[in-house]
Number of protein chains: 2
Amino acid sequence: MTDEIISFITRFVPLTEEEIAIIHEQNLIKSFRKDAVLLSEGEYAKECYFILQGCVRSYYLIDGEEKTTEFYTESQAITPVSYTQKEPSKYYLSCLENSIIALGSTERNNQLLEKIPKLQSMVAQLNSDLLIQKQESFDDFKSLSPEQRYLRLLETRPDLFKRVPLYHIATYLGITPVSLSRMRKRVSTKVKQ
Amino acid sequence: MTDEIISFITRFVPLTEEEIAIIHEQNLIKSFRKDAVLLSEGEYAKECYFILQGCVRSYYLIDGEEKTTEFYTESQAITPVSYTQKEPSKYYLSCLENSIIALGSTERNNQLLEKIPKLQSMVAQLNSDLLIQKQESFDDFKSLSPEQRYLRLLETRPDLFKRVPLYHIATYLGITPVSLSRMRKRVSTKVKQ
DNA sequence: GGCAAATATTATCTTAAGATAAAAAGCATT
DNA sequence: AATGCTTTTTATCTTAAGATAATATTTGCC
């Protein structure tokens, strides 16, 4: 059932049978309906998330407009800023689909880290990897045109286009939905020639 | 001389006198001339850097154009991707000014981490902080217009405008130098009205 | 099947960025 | 002061994005 979590962790550190059992024990798995809000602006996140099934979106609310910053899908972990820092969240997390999510509270995670100290090294590695990824996507974003970013997203995460409305993808790409629609038309006629 | 390093570290973990002494011993400090290249595309970084004095820039070379991705100044640490990963670097690091830089090699840093294990927690915290910062600047970048990004950079890092040529700042903002020049004129006439 | 809500497209107009070339200004060195 | 080099600005033209409003299409639901 939560083998995804185990295989996620063992990408970083090996686990014994006992350790796997401990992790299974600790697991708190919940279902969320589409549009369920996991975290709101202004709230203090007390939990982090691991997506077993479904899709979650993070977004800012700026002048009444939602600006999507990330799409999280199966086997991705979400550690809200306000989980680590003691600040209220600046963004929202909500489900784009009915989702099954493993929750980690501060206390339970700390217990887990005590019982299995090598998980600390996993967390460290994960953060370091995420930093590198984030840096690279940022760099790409800056050096590519909106159209190139769109084409690249089509290649790297084609799944998103099947499960996420285009107007969320548009703000994720840093453009307006109208502009994305126009661009898609432009691109498709280019290809056909 | 390298008190900056100590105070950088003690922002994360407290240090005893002995530990400070150990760190001082380990320190390898070098001077670099303006335009010196610390790391080239394709190279494997064997070192990380801590800037004591000066300014370093990271950039990609794309179709013969340099795209600046970051400016590092006093008391900032640079850990190249290829220092942690076993991949060749995709970008360059070079000095915008004559600079004094503390170097950490993989071996020396590992020795240090063995001698002072709590530094591991510093590294972890640092990565986690950097991840959060990077995420936030990325989010800002996506939701702001080029002009707003320029104005924000003016506020947050006014020093850069005194020490870095505008054409580097332009590519850092994700626009062309010509466009930045035009924008500055536009902005200045706006303000004057 | 029909209706409302959600999502996507189209049209029009305005504004700013990209490309390119050329000129101007600033700086350092002799 | 003259030269060459770096940096910034200006000009022109082209292209695409933003804003806004209207329309079309799709989807879920009773």
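Naming: A, B, ... by sequence-line order, numbering from 1 per chain. Just so we're clear, the structure is a prediction, and the values are computed from it rather than from any experiment.
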Examine C:dT10: is either OP1 or OP2 under 4.0 Å from a nitrogen or oxygen in the side chain of A:K185? Give yes or no.
yes
Determine, for B:E147 against B:R186, whether the closest basic-nitrogen to carboxylate-oxygen distance falls under 4.0 angstrom.
yes
Would you say the side-chain atoms of B:Y150 and B:R184 include a donor-acceptor pair closer than 3.5 Å?
yes
Sidechain N-carboxylate O distance under 4.0 Å for A:K90, A:E41:
no
Send over the distance from B:E147 CD to C:dG18 P, rounded to a whole Å.
13 Å
Could you state the CG-P distance from A:L166 to C:dT10, rounded to the nearest angstrom?
13 Å
Between D:dT9, D:dA17, C:dA17, which nucleotide has the shortest distance from any of its atoms to the side chain of A:R182?
D:dA17
Rounded to whole Å, please give me the gap between CG in A:L144 and P in C:dA17.
18 Å
Taking only side-chain nitrogens and oxygens of B:T176, does any of them come within less than 4.0 Å of OP1 or OP2 of C:dG18?
yes
Checking contacts here: which listed nucleotide (C:dG18, C:dT10, C:dA21) is nearest the side-chain heavy atoms of B:I175?
C:dG18
For A:L96 and C:dA6, what is the distance between atoms CG and C1' respectively, to the nearest whole Å?
14 Å
Just how far, in rounded Å, is C1' of C:dT9 from CG of A:L180?
11 Å
Below 30° counts as parallel, above 60° as perpendicular, anything between as tilted: where do the rings of A:F138 and B:F138 land?
parallel
Between P on D:dT9 and CE on B:M183, what's the gap in Å once rounded to a whole number?
11 Å
Under 6.0 Å between the ring centres of B:F50 and B:F8?
yes
Is the distance from OP1 or OP2 of D:dG18 to the nearest side-chain N or O of A:S179 less than 4.0 Å?
yes
Could you list the protein-to-nucleotides 23-30 of chain D atom pairs, N/O on both sides, closer than 3.5 Å?
none

Distance alone, cut at 3.5 Å: any donor-acceptor contact between the side chains of B:D140 and A:Y60?
no
Could you check how far CD of A:E65 sits from P of D:dT20, rounded to whole Å?
9 Å
Are A:Y172 and A:F71, when compared by the centres of their aromatic rings, separated by less than 6.0 Å?
yes
Answer yes or no: does a side-chain N or O of A:R186 lie under 4.0 Å from OP1 or OP2 of D:dA17?
yes
Between atom CD in B:Q148 and atom P in D:dA17, what is the gap in whole Å?
18 Å
